[in-house]
Amino acid sequence: MTIASASSTATHIALTTLFSAVQDAHLLNSTAGILGWDQETMMPNGGAELRSRQLAQLARLSHETFTTPKMGEYIAAAEDAVRSMPADCADAVNVREIRSDYDKATKLSSSLIAELAQTGSQAQHAWVEARRESDFKKFQPWLEKTVKLNILKAQCLGWPKGGEAWDALADYYEPALTAADVTKVFEPLRARLQKLLDRIRGASKKPSNAFNEFALPIDSQEKFVRYMAKRIGFDFNCGRLDRSAHPFCGGSHSRDVRMTTRYTETCVFDALGSTMHESGHGMYEQGLDFAQSGLPMGSAAGLSVHESQSRMWENQVGRSMHFWKWARPQLSAFFGDACDHFTLEHLYQAANVVEPGLIRVESDEATYNMHVMIRFKLERDMLNGDMAIKDLPGIWNQLYKDYLGVTVPDDRRGCLQDVHWSMGAIGYFPTYTLGTLLAAQLFEKARKDVPGLEDGFARGEFAPLLSWLRKNVHSEGRRYRLDELCRKVTGEPLSADPMMRHLEAKLLPLYGLE
Ligand code: ZN
């Protein structure tokens, strides 16, 4: 054996040893993914207590498997092996990201991990009941416990000098994101959105909302949105679409993606919007490299990039005139002649009505980010001790008045509307807005790169956009961080300008404000 081939064999052994150990640990997470999906879709109420223990056990086992000293040795050996490789080749990226995950994970004890998982599962159950009864007090002790555990988690992880606890938690959802970064984006964005909303409020022309108040049978809606998901590119051989109270996309790996939607009889857009959204997440998962499953190169880049995929299919595609030119004639196959009296203009207008409201997931494109900003402010204040948890409903309601000019009538439509904090997900919300900004920026670039992209939507051709996303985003796994990916693909740092251009180009004519 020559020296070169001996060293390449050693490199191969170091990498495969590490990668298969990491993939083994990940199998436990992917199993938890199916149990988590089942909890939201199929599990009877009686299953809740033991399910929380099952999930806690899997979280603990996965954590223990991933944080053994042996894993540390495998990583060190693999780092030696990739030293001479280009920094952005797949093997080097895998080793770099595994190191980062390992260093984070080893700062947390497996008992804390299990307690977070069990509390998350129980608190979620308590939240469902509190929400049903619109009674924050029933959820308050669970939120207090969740915040306390998250502060503990943040303290174990640590944060850069000058930062705060929120930064340590956000890093899990969007690597290296800080509250200071978010504030820099949110403050000017709030002012720009406020200006746009003020103009829309004062407009004399109002788009028709009639299609949003038109009842259609839920069975037919279900067939319709499944067809739409398939046509835009969601692969039902490698995924499912079921119902849940809160739409989400989860599952196990790129060949078993579980997404959900929900149906409202009086508004097909509710199911269509959430299906387009979750399909965007689902197609991202399906576009990840299966051979790299469980490794960073086979994983999503972060939650902002994930959200950019869902928001693009929901907004840039699903609310566009081009899309509706194709979609309108499809309606008769599912709803007979019930929708015939709605013109293309009616449908397009209903998809784009702006109306400041109470519920984030039902909000339009122009007000959506305001909902996110409110949550960011609140979770930061909860962690920093600037707000007592018992005061959450009152402060929430005040912020809704300040940001959106709406009066919150009860906790169900106020501070109990989102599942995130009950699951222990604090530091998550801003990724929704960052993803929304990235969606607009990526879409501008896709439009430049693919001539006739939107004309294709009008013919029901969505594969060119999906291929562009597969090549530029999905196949990259965790090779680049949010800002790096944005610069690499679009040539510019992440900016709010493309989203504001997208909103103004659409909404100003719709409201007669040009
Ligand atoms: Zn989403």
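Counting starts at 1 for both ligands and their atoms, in listed order. Residue numbers run from 1 in the order of the sequence given.
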Whether over 12 other heavy atoms sit under 6.0 Å from Glu213 CD
yes
The Zn ion (ligand 1) reached by His277 (N, O or S, under 2.8 Å)
yes
Checking only N/O/S atoms, does Glu278 have one that is under 2.8 Å from the Zn ion (ligand 1)?
no
Check whether any side-chain N or O of Gln286 sits under 3.5 Å from a backbone N or O of Asp235 as a donor-acceptor pair, and report yes or no.
yes
Given 3.5 Å as the limit, does a donor-acceptor pair link the side chain of Asp167 with the main chain of Ala179, or not?
yes
Under the 3.5 angstrom rule, does the side chain of Arg243 hit a backbone N or O of Thr260 as a donor-acceptor pair?
no
I'd like to know if the Zn ion (ligand 1) has an N/O/S atom from His281 within less than 2.8 Å of it, counting both backbone and side-chain atoms.
yes
With carbon and hydrogen excluded and only N/O/S kept, which atom of Glu307 is nearest the Zn ion (ligand 1)?
OE1
